Enquirer: 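Structure in structure tokens, see below.
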Amino acid sequence: MKVLVIGSGGREHAIVWKLAQSPHITKMWCAPGNTGIGKELVKGSPVECVNIGAEDLEKLLQFAREQKPDLTVVGPDNPLAMGIVDLFQQHNLLIWGPNKKAAQFESSKAFSQQFMEKYGIPSPKGAVFTDFQLASRYAASFGGRCAIKADGLALGKGVIVSKDMEVADKAIEDMLVKRAFGKAGEKIVVQELLNGIEISLHALCDGKTALLFPTSQDHKPAYDNDKGPNTGGMGTYCPTPFLDKAGLLEAKRTIIDRWLRGCNEERIDYRGIIYPGVMLTKDGIKVLEFNARFGDPETQVYLYLLENDLLELLMACLDGTLNKHQLKWKSGAAVCVIMASGGYPGSYQKGKVISGITEAEMDINVKVFNAGTALNGDKFITNGGRVLGVTAYAETLQKACDAAYAAVDKIKFEGAHFRRDIAAKALKIL
Ligand code: AMP
Ligand code: GLY
């Protein structure tokens, strides 16, 4: 089969790397891809990076009509929200990911909030508003302790966590009155503020069956001990010790099964992966948000541990045959440490020479996924905020963590910034 992957981050590098191991695949393109992706081999030939942006739907369609991939796999949220799946389907092109209606779980927080209430999915108390006064009064009912969320996609910046009315009113005003997020903030969701450990759930879905992954945990704040501004994610590990087998079954029953029943009732044909971000509170597990795609950097650890042929699973999502598959995971654990450019998530410089990737990958249980890299001659240089996802596998979480940091310590670029405490919360209780 010939496969086109859409996206350019560490998540897409992990997807391409894993797909490249499938004996079914003879050729792979990635649009736009990145330097690391272009070095992956399929049957001895490099994956071809195609210079078309992930949001340039017309050009992607034109490319697919000309090159005729047997399957297109979508990584990021924006093309899904823009309706790339519907567009490709209209042209009889096989594409993996939720259609536009299904992608609303991520592209509209108001839609998700109302859906969770309707189908009894445990979630924070919340309501949808378009009016400043009403939203402010609702926030006041929580004493200002609330999360204020722009309805639409806002580059990961559309959520303000507030602990008093001053912050709450400012956030509501910024979104609803000043339109800080444009159309994405025409509607907002105000939710009670919850406390607890946050983890990521992922489940593949074919519209009828959902297969839940083990839990993973992202580290969103930029600095150790969860200090500093929020980022796209500074590191992950899998599995976490926070949900045991019974807890995972409970999550399947109260979140995934109810969600799937709701999808069926609402005639949402969800084929792809659903990624609920959840919080473990003293009143049980609650969904903070849904994402309609693989997490980044969760994918890097998941696909390192997944033993199944990824292509077969993706095809099963489209064929409606996921019930014939069982997910198989390597025993042990994987850890991914993100190495970012100095200054990220604020402004940062690009073009710093990266050394040590080959040395880091001398350990056969280490893989360095590229996110923001480019080539300058034959040298790897930095080309984005999140630069590398240094991922290691071992039979225990402690050993995986040690191997990941040993690899990180071999990689150098000016201003490199990473957290030293990925998986520390888990190691403390294990
Ligand atoms: P979201 O994009 O909805 O997951 O929100 C981004 C981040 O805001 C989450 O990862 C949480 O850390 C925080 N957050 C969102 N909603 C809540 C809530 N209701 N209570 C506490 N923290 C929240
Ligand atoms: N892990 C954060 C995200 O993918 O949104």
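Treat the numbers as computed from the prediction; the structure is a model and nothing was measured. Order of listing sets the numbers, starting from 1, for every ligand and every atom in it.
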Enquirer: Decide salt bridge (charged side-chain N to carboxylate O under 4.0 Å, His left out) for Asp174 and Lys170; before the verdict, give the C-alpha distance in whole Å, the side-chain angles of both, and the deciding distance to 0.1 Å.
Expert: CA-CA 6 Å; Asp174 282 349; Lys170 180 172 182 321; 2.7 Å; yes
Enquirer: Just which atoms of ligand 1 are under 4.0 Å from any heavy atom in Glu192?
Expert: 18 (C), 19 (N), 20 (N)
Enquirer: Check whether any side-chain N or O of Thr382 sits under 3.5 Å from a backbone N or O of Gly351 as a donor-acceptor pair, and report yes or no.
Expert: yes
Enquirer: Any chance you could lay out the side-chain contact (heavy atoms from CB on, under 4.5 Å) test for Tyr344 and Met234, step after step, and finish with the verdict?
Expert: CA-CA 10 Å; Tyr344 172 79; Met234 295 299 293; 4.0 Å; yes
Enquirer: Taking non-hydrogen atoms only, is Lys109 closer than 4.0 angstrom to ligand 1 via side chain, backbone, both or neither?
Expert: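 Answer for Lys109: side chain.
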Enquirer: Relative to the heavy atoms of Gly232, which atoms of ligand 2 are at a distance of less than 4.0 Å?
Expert: 2 (C)
Enquirer: Can you list the ligand 2 atoms lying under 4.0 Å from a non-hydrogen atom of Tyr275?
Expert: 1 (N), 2 (C), 3 (C), 4 (O), 5 (O)
Enquirer: Does any N or O of ligand 1 fall below 3.5 Å from an N or O anywhere on Leu194, backbone included?
Expert: yes
Enquirer: Could you tell me which atoms of ligand 2, counted from 1 in the order shown, lie closer than 4.0 angstrom to a heavy atom of Gly295?
Expert: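 That gives atoms 4 (O) of ligand 2.
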Enquirer: Can you tell me the protein heavy atom closest to atom 13 (C) of ligand 1 and the distance?
Expert: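 Here the closest protein heavy atom is Val161 CG2, 3.9 Å.
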Enquirer: Look at the rings of Tyr223 and His417 and say which category their plane angle falls in: under 30° parallel, 30 to 60° tilted, over 60° perpendicular.
Expert: perpendicular
Enquirer: Around atom CD of Glu265, are there more than 12 heavy atoms from other residues, nucleotides or ligands closer than 6.0 Å?
Expert: yes
Enquirer: Is any N or O atom of Asn291, backbone or side chain, closer than 3.5 Å to an N or O atom of ligand 2?
Expert: no
Enquirer: Can you say whether the rings of Tyr304 and Phe369 are parallel (under 30°), tilted (30 to 60°) or perpendicular (over 60°)?
Expert: perpendicular
Enquirer: Distance to 0.1 Å, residue and atom name: give those for the protein heavy atom nearest to atom 4 (O) of ligand 1.
Expert: Glu289 CD, 2.8 Å
Enquirer: What protein heavy atom sits nearest atom 7 (C) of ligand 1, and how far off is it?
Expert: Val159 CG1, 4.4 Å
Enquirer: Between Arg11 and ligand 2, is there a nitrogen or oxygen pair with a distance under 3.5 Å?
Expert: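 It does not: no N or O of Arg11 is found under 3.5 Å from an N or O of ligand 2.
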Enquirer: Below 4.0 angstrom from a heavy atom of Lys220, which ligand 2 atoms are there? Numbered from 1 as shown, please.
Expert: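 Near Lys220, meaning under 4.0 Å from one of its heavy atoms, ligand 2 has 2 (C).
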Enquirer: Aromatic rings Phe213 and Phe294: how do their planes relate, parallel, tilted or perpendicular, breaks at 30° and 60°?
Expert: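 Ring orientation, 0 to 90° scale: tilted.
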Enquirer: Hey, which atoms in ligand 2 end up nearer than 4.0 Å to a heavy atom of Asp218?
Expert: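 Heavy-atom distances to Asp218 below 4.0 Å select 1 (N), 2 (C).
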Enquirer: Would you indicate whether Glu117, at its atom CD, is surrounded by more than 12 heavy atoms from other residues, nucleotides or ligands within a distance under 6.0 Å?
Expert: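 Above 12, so yes.
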Enquirer: What protein heavy atom sits nearest atom 11 (C) of ligand 1, and how far away is it?
Expert: Glu198 OE2, 3.2 Å
Enquirer: Should the pair Phe142 and Tyr138 be assigned to parallel (<30°), tilted (30 to 60°) or perpendicular (>60°) ring geometry?
Expert: perpendicular
Enquirer: Please verify the inter-ring angle class for Phe63 with Trp29; under 30° counts as parallel, over 60° as perpendicular, anything in between as tilted.
Expert: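 If you compare the ring of Phe63 with that of Trp29, the planes turn out perpendicular.
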Enquirer: Looking only at protein heavy atoms, which one is nearest to atom 23 (C) of ligand 1, and what is the separation?
Expert: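 Answer, as residue, atom name and distance: Leu288 CD1, 4.0 Å.
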Enquirer: Could you list the atoms of ligand 1 found under 4.0 angstrom from a heavy atom of Pro124?
Expert: 19 (N)
Enquirer: For atom 5 (O) of ligand 2, what's the nearest protein heavy-atom neighbour? Residue, atom name and distance, please.
Expert: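 Of the protein heavy atoms, Arg293 NH2, 2.9 Å lies nearest.
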Enquirer: Among Lys149, Gln191, Gln113, which one puts a heavy atom closest to atom 15 (C) of ligand 1?
Expert: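 Shortest heavy-atom distance from atom 15 (C) of ligand 1: Lys149.
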Enquirer: Where on Leu193 is there a heavy atom closer than 4.0 Å to ligand 1, on the side chain, on the backbone, on both, or on neither?
Expert: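 It is both backbone and side chain that touch ligand 1.
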Enquirer: Quick check on contacts: which atoms of ligand 1 are under 4.0 angstrom from a heavy atom of Ala147?
Expert: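 Answer, ordered by atom number: 16 (N), 17 (C), 18 (C), 19 (N).
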Enquirer: Flag yes if more than 12 heavy atoms outside Gln21 fall under 6.0 Å of its CD atom; otherwise flag no.
Expert: yes
